[in-house]
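A short write-up of the structure that comes next.
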Amino acid sequence: MKNDLWRMETGWLGGYTEDRNLIRRIKRYKSDWPIMADYFKNGRLIGVQFRIPIEQRRPAERMFDCRL
């Protein structure tokens, strides 16, 4: 599974994941992380891109299992 974090404009991080369990966890517990984009291939969800507040960088790094 592919996970990635990057810096966006001031005060925000971007996060992308293809891990279905991680997508479910984020949707359940992190309602303040809005979805920026859903990626589909042949009608199936393959990835989701989230917008994450910079104050939650450490929890994001732990959940996505990668560093900025």
Side-chain angles (χ1 to χ4, degrees):
M1 297 292 156
K2 182 179 176 189
N3 295 332
D4 197 18
L5 286 173
W6 64 93
R7 294 185 194 274
M8 292 176 44
E9 65 264 8
T10 305
W12 293 97
L13 300 174
Y16 173 81
T17 184
E18 295 177 353
D19 184 358
R20 290 190 179 275
N21 291 327
L22 179 57
I23 293 168
R24 285 188 199 108
R25 257 187 17 226
I26 291 172
K27 285 183 177 181
R28 178 178 292 155
Y29 298 115
K30 300 293 186 180
S31 60
D32 56 336
W33 293 7
I35 294 175
M36 293 192 331
D38 292 323
Y39 297 95
F40 292 90
K41 186 174 185 178
N42 298 327
R44 291 192 53 188
L45 181 70
I46 60 164
V48 179
Q49 185 175 340
F50 294 95
R51 183 177 172 136
I52 305 165
I54 195 75
E55 297 85 27
Q56 297 186 17
R57 178 188 57 84
R58 295 208 42 200
E61 286 178 344
R62 280 189 227 109
M63 287 183 90
F64 282 80
D65 195 27
C66 63
R67 302 274 178 211
L68 282 177

Exercise for review: Flag yes if more than 12 heavy atoms outside Asp38 fall under 6.0 Å of its CG atom; otherwise flag no.
Suggested key: yes

Exercise for review: Measure from the side-chain N and O atoms of Arg7 to the backbone N and O of Leu68, and report whether any donor-acceptor pair falls under 3.5 Å.
Suggested key: no

Exercise for review: Decide whether Met36 and Met63 are clustered together by the hydrophobic rule: side chain heavy atoms of Ile, Leu, Val, Met, Phe, Trp, Tyr closer than 4.5 Å, transitively.
Suggested key: no

Point to revise | Atom pair NZ (Lys30) and CG (Leu22), whose distance is rounded to the nearest 0.5 Å | key: 11.5 Å

**Study point:** Closest non-hydrogen atom pair, Phe64 against Thr17
**Key:** CE2-CB, 3.9 Å

Review point. Is it the case that more than 12 heavy atoms not belonging to Arg28 sit under 6.0 Å from its CZ atom?
Key: no

Check your understanding: Closest approach of Gly15 and Leu5, non-hydrogen atoms and distance?
Key -> CA-CD2, 3.8 Å

Exercise for review: Test Trp33 against every option in Arg51, Gln56, Lys27 by the side-chain contact (heavy atoms from CB on, under 4.5 Å) rule and name the one that passes.
Suggested key: Gln56

Exercise for review: Verify the cluster assignment for Phe40 and Ile35: are they in a single hydrophobic cluster under the rule of side-chain heavy atoms below 4.5 Å apart?
Suggested key: yes

Review point. What closest approach, in Å, do Lys41 and Ile46 show between heavy atoms, and which atom pair accounts for it?
Key: CB-CG2, 3.9 Å

Exercise for review: Flag the pair Phe50 / Pro34 as yes when at least one side-chain heavy-atom distance between them is below 4.5 Å, and no otherwise.
Suggested key: no

Exercise for review: Enter the distance from Asn3:CG to Tyr16:OH here, rounded to the nearest 0.5 Å.
Suggested key: 9.5 Å

Point to revise | Closest non-hydrogen atom pair between Tyr39 and Gln49, with its separation | key: OH-OE1, 2.6 Å

Practice item. To the nearest 0.5 Å, tell me how far Asp19 CG sits from Arg25 CZ. Key: 7.5 Å

Review point. Can you tell me how far the CD1 atom of Ile26 sits from the CD1 atom of Ile52, to the nearest 0.5 Å?
Key: 6.5 Å

